[in-house]
There are 2 protein chains.
Amino acid sequence: MTDWSVCFILSVMTNSKIKKSPRERIIETACDLFYKQGFHATGINQIISESAVAKASFYDHFPSKDELIHDYVFEMSKRDFADFCAEIDEYDTAEERFYGPLHILGPWFIETDYRGCPFQNVVSEIPLKDERILEMIKKHRARERDFFRQLGKEYIDERSELSDVDPDALADMYELLFDGAIANATAYRSMDPVESAIASLKNYLGR
Amino acid sequence: MTDWSVCFILSVMTNSKIKKSPRERIIETACDLFYKQGFHATGINQIISESAVAKASFYDHFPSKDELIHDYVFEMSKRDFADFCAEIDEYDTAEERFYGPLHILGPWFIETDYRGCPFQNVVSEIPLKDERILEMIKKHRARERDFFRQLGKEYIDERSELSDVDPDALADMYELLFDGAIANATAYRSMDPVESAIASLKNYLGR
DNA sequence: GTCTATATTCTGATAGAC
DNA sequence: GTCTATCAGAATATAGAC
């Protein structure tokens with residue numbers, strides 16, 4: 001392989017993939033493809049070619065394609081929280097932060113070709129027997145729910161007229177509205193369900 | 001073939017499959033398998049053998065496996081409504097009927113090995129480009145939302161203290177809570193999210 | 001690179017309707 | 001007899017996993 005072809009390969013790779021280890025490149029590629037195409041619809045050959053590793057290297061790092069799904073869920077959970085926290089931090093008031101997770105969805109739908117909640121998608125593709133994956137997904141959702149609870153608590157504490165609102169009931173409701181909004185927005189390819197979720201919360205909080 | 005062997009064959013077939021045409025058997029089998037295993041994870045050979053048709057017969061009725069997904073969505077939508085309507089009719093009061101769709105989920109989770117909303121699962125497996133499927137799913141959800149609206153309207157009309165509740169806002173909220181509850185109950189394999197949805201509605205309606 | 005699985009097509013045969 | 005629907009299975013091509 002000449003230097004030029006190396007240059008070419010590097011140039012067509014996303015910046016984020018340069019200099020990363022084969023293992024990191026594989027996981028990153030798998031995340032992109034699994035999310036965009038789904039797990040079963042993504043072949044191992046595509047993962048191998050797009051992550052620019054040798055087939056032997058792949059099977060050196062992972063015993064099988066199935067194992068990748070664990071890393072996928074783990075990685076997506078990490079990303080999801082990092083993204084949310086970073087964006088929520090931008091908001092100034094407790095009210096903005098409270099509605100933040102829902103407001104954030106809009107740009108995500110437009111900028112990325114959004115395909116719904118990755119964890120929901122995993123649950124619908126894998127058999128419900130894989131305890132390890134289900135545990136990770138449960139953990140993610142529980143963390144997400146706590147995140148919503150925290151945002152709700154801060155909002156409640158700031159507003160005296162909200163003092164009788166139960167933060168736990170609010171968090172449970174938020175989680176359901178949030179997931180329902182994502183599911184419907186994905187199917188409808190419209191932000192209307194997200195608007196409905198916001199309206200429902202405002203209604204519930206009496207404002 | 002003796003009369004006895006015919007008896008035997010008929011007896012091992014599910015009643016529902018007796019006397020049905022090959023086409024009907026194929027669709028019925030496909031519905032079962034796509035729902036239980038997912039679309040991509042289900043091979044054409046399994047569909048063919050379990051529906052007891054010849055391979056040529058299958059391709060006589062369907063140009064490809066992909067086409068089956070349309071009949072799958074259509075059939076599941078039909079079943080879904082038939083099941084809901086039948087069960088809701090059993091309830092006596094407007095209040096019971098209003099919470100009926102959520103209460104019904106419990107037995108479904110226990111009796112069938114529930115794998116979440118079939119339409120949600122289709123959306124996560126197929127590329128978002130297939131307009132025909134997306135249209136059917138949109139139509140299903142819109143009908144479902146109207147169903148919730150109707151139940152809400154009857155409940156509101158019956159109770160004077162609910163007279164200021166907007167049936168449309170309530171229906172939007174119901175749809176989101178319902179879908180969120182199904183998604184979470186499937187992932188958690190617990191009815192807690194369904195209970196949360198019921199609690200949220202009761203809270204919202206001030207009771 | 002190898003081997004398996006999958007989707008699809010093709011061949012030949014049977015049974016009933018007209 | 002002809003036509004159509006069905007069945008059984010071989011043959012092919014492709015894609016997949018390893």
Side-chain angles (χ1 to χ4, degrees), chain A residues 1 22-23 25-73 121-122 125-127 129-130 132-133, chain B residues 1-10 12-14 16-73 122 124-127 129-130 133:
Chain A
M1 193 185 277
R23 190 168 211 285
R25 292 204 305 276
I26 291 167
I27 292 176
E28 195 159 321
T29 306
C31 283
D32 292 349
L33 296 176
F34 286 167
Y35 183 69
K36 275 189 209 147
Q37 309 177 345
F39 178 71
H40 284 117
T42 301
I44 200 71
N45 291 330
Q46 193 185 7
I47 295 173
I48 286 167
S49 74
E50 291 196 20
S51 56
V53 298
K55 204 165 272 196
S57 303
F58 174 83
Y59 285 103
D60 202 33
H61 288 288
F62 299 92
S64 73
K65 176 192 167 186
D66 287 356
E67 282 303 305
L68 265 180
I69 195 106
H70 297 108
D71 296 83
Y72 172 62
V73 172
N121 293 348
V122 165
E125 277 213 80
I126 62 148
K129 289 167 194 165
D130 193 319
R132 220 169 109 213
I133 296 174
Chain B
M1 194 186 275
T2 69
D3 288 338
W4 284 110
S5 59
V6 171
C7 276
F8 174 72
I9 288 171
L10 290 177
V12 294
M13 290 170 77
T14 36
S16 57
K17 284 184 185 172
I18 294 179
K19 284 186 188 170
K20 292 207 168 163
S21 72
R23 189 169 211 281
E24 286 170 315
R25 292 203 306 275
I26 291 167
I27 292 176
E28 196 161 319
T29 307
C31 283
D32 292 348
L33 296 176
F34 286 167
Y35 183 68
K36 275 187 210 150
Q37 308 177 346
F39 177 72
H40 285 118
T42 300
I44 199 71
N45 291 331
Q46 193 186 7
I47 295 173
I48 285 166
S49 74
E50 291 195 19
S51 56
V53 297
K55 201 165 271 195
S57 301
F58 174 83
Y59 283 102
D60 203 33
H61 287 288
F62 300 92
S64 73
K65 176 193 167 187
D66 287 355
E67 281 302 306
L68 265 181
I69 196 106
H70 298 108
D71 297 82
Y72 171 63
V73 172
V122 165
S124 46
E125 277 212 79
I126 62 148
K129 288 167 194 165
D130 194 318
I133 295 174

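Convention: sequence-line order gives letters A, B, ...; per-chain numbering from 1.
Picking from C/dT8, D/dA8, D/dT6 the nucleotide with the shortest atom distance to the side chain of B/A56 gives D/dA8. Of the candidates D/dT6, C/dA7, D/dC18, the closest approach to any side-chain atom of B/H61 belongs to D/dT6. Among the nucleotides D/dA8, C/dT8, D/dT6, the one closest to the side chain of B/S57 is D/dT6.
A/A54 and A/I48 get closest at one heavy-atom pair: C-CG2, 4.3 Å.
Within 4.0 Å (heavy atoms only), B/H40 reaches no atom of the nucleic acid at all.
Atom-to-atom, CZ of B/F62 to C1' of C/dT9 comes out at 18 Å; the value is rounded to the nearest Å. Distance, A/K55 NZ to D/dA15 P: 13 Å, rounded to whole Å. C/dA7 atom P lies 6 Å from atom CG of B/N45, rounded to whole Å. If you measure from atom CD1 of B/I48 to atom P of D/dC7, you get 11 Å, rounded to the nearest angstrom. Between the C1' atom of D/dG16 and the CG atom of A/L33 lies a distance of 15 Å, rounded to the nearest Å. Look at CG on A/D66: it is 15 Å from P on D/dG16, rounded to the nearest Å. Here the C1' atom of nucleotide D/dT6 and the CD1 atom of B/I26 are 11 Å apart, to the nearest Å. One atom, NZ of B/K20, and another, P of D/dA5, lie 21 Å apart when rounded to the nearest Å.
Between B/R25 and D/dT6 there is no side-chain polar atom (N or O) within less than 4.0 angstrom of OP1 or OP2. Phosphate contact (OP1/OP2 of C/dT8, side-chain N/O of B/Y59, threshold under 4.0 Å): present.
For the atom pair NE2 of A/H61 and CG of A/L68, the computed distance is 11.5 Å after rounding to the nearest 0.5 Å. A/I133 contributes atom CD1, which lies 11.0 Å from atom OH of A/Y72 (distance to the nearest 0.5 angstrom).
One N or O on the side chain of A/K65 and one on the backbone of A/F39 form a donor-acceptor pair closer than 3.5 Å.
The closest side-chain donor-acceptor pair between B/T42 and B/Q37 falls under 3.5 angstrom.
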